[in-house]
Amino acid sequence: PHPAPARVAPSAAVATLGAKLYEQNCAQCHGDDGQGAGGIYPPLAGNRGVTMASTANLIQVVLHGGFAPATAGNPRPYGMPPYMLKLSDSDIAAVLTHVRGAWGNSAPAVSELDVTRLRSSSK
């Protein structure tokens, strides 16, 4: 196993942009404190999917959204809208860098290049 990369604090501009984008696009569902809403919206604080070394799944969810299947017990599940057309690659990198470093999360930044690669591979 390889050790996880050390977290490097993002620049002030990236940190400010990421926090602003989170407030505008994510906080309504995931909460100002990243705790989510029990059974409806998942918490981002302490979420392994947020802090994993690979950011591919996290980036894909923001690009394409995510929707749980409808079941008899949950016929109209909540979902996350896609942000592919709303946020640029640098915006997505900034907001995910914010999420990966907020509320006790301590994961490395997401690069704009990582987002660009995944966006272009999904075309």
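Side-chain atoms are counted along with the backbone in the values below, which use heavy atoms only and exclude waters and symmetry mates.
Tracing side-chain contacts under 4.5 Å through hydrophobic residues (I, L, V, M, F, W, Y), one reaches Val95 starting from Met84; they form part of the same cluster. Grouping the Ile, Leu, Val, Met, Phe, Trp and Tyr side chains by contacts below 4.5 angstrom, directly or via other members, places Leu87 apart from Val14. The cluster map of Ile, Leu, Val, Met, Phe, Trp and Tyr, joined by side-chain heavy atoms under 4.5 Å apart, puts Tyr22 and Tyr41 in different clusters.
Here the closest non-hydrogen pair linking Ala68 and Pro77 is O-CG, 3.3 Å. Shortest non-hydrogen contact noted between Ala53 and Arg100 is O-NH2, 4.3 Å. Nearest approach of Phe67 to Gly79, heavy atoms of both residues: CD2-CA, 3.4 Å. Nearest heavy-atom pair, Gly49 versus Asn47, reported as atom, atom and distance to 0.1 Å: N-OD1, 2.8 Å. Nearest heavy-atom pair, Val115 versus Ala93, reported as atom, atom and distance to 0.1 Å: CG2-N, 4.0 Å.
By the 4.5 Å heavy-atom criterion applied to side chains, Asp91 and Tyr83 are not counted as neighbours. In this structure, Val62 and Met80 have side chains that are in contact, with non-hydrogen atoms separated by less than 4.5 Å. Residues Ile92 and Leu63 have side chains in contact (heavy-atom distance under 4.5 Å, counting atoms from C-beta outward). Proximity of Met52 to Leu58: side-chain heavy atoms (C-beta onward) are nowhere separated by under 4.5 Å. No side-chain heavy atom of His98 sits less than 4.5 Å from a side-chain heavy atom of Leu21. A 4.5 Å side-chain heavy-atom check between Thr55 and Leu96 finds every atom pair outside the cut-off.
Side-chain atoms of His30 come within 3.5 Å of backbone N or O of Pro42 as a donor-acceptor pair.
With hydrogens and angles left out, the side-chain atoms of Thr51 and Asn105 include no donor and acceptor closer than 3.5 Å.
Heavy atoms from other residues, nucleotides or ligands lying under 6.0 Å from CD1 of Ile40 number more than 12. With a 6.0 Å radius and a threshold of 12 heavy atoms from other residues, nucleotides or ligands, Asn74 has its CG atom above the threshold. Around the CD atom of Glu23, the shell of radius 6.0 Å holds no more than 12 heavy atoms that belong to other residues, nucleotides or ligands.
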Point to revise | Working for side chain to side chain contact (heavy atoms under 4.5 Å, CB included), residues Ile59 and Asp114 | key: CA-CA 8 Å; Ile59 293 168; Asp114 290 338; 3.9 Å; yes
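Distance CZ/Arg119 to CD/Gln60: 10.5 Å, rounded to 0.5 Å. Going from atom CG of Asp32 over to atom CD of Gln35 covers 11.5 Å, rounded to the nearest 0.5 Å.
With sequence neighbours excluded, the residues satisfying side chain to side chain donor-acceptor pair (under 3.5 Å) with Ser90 are Ser88.
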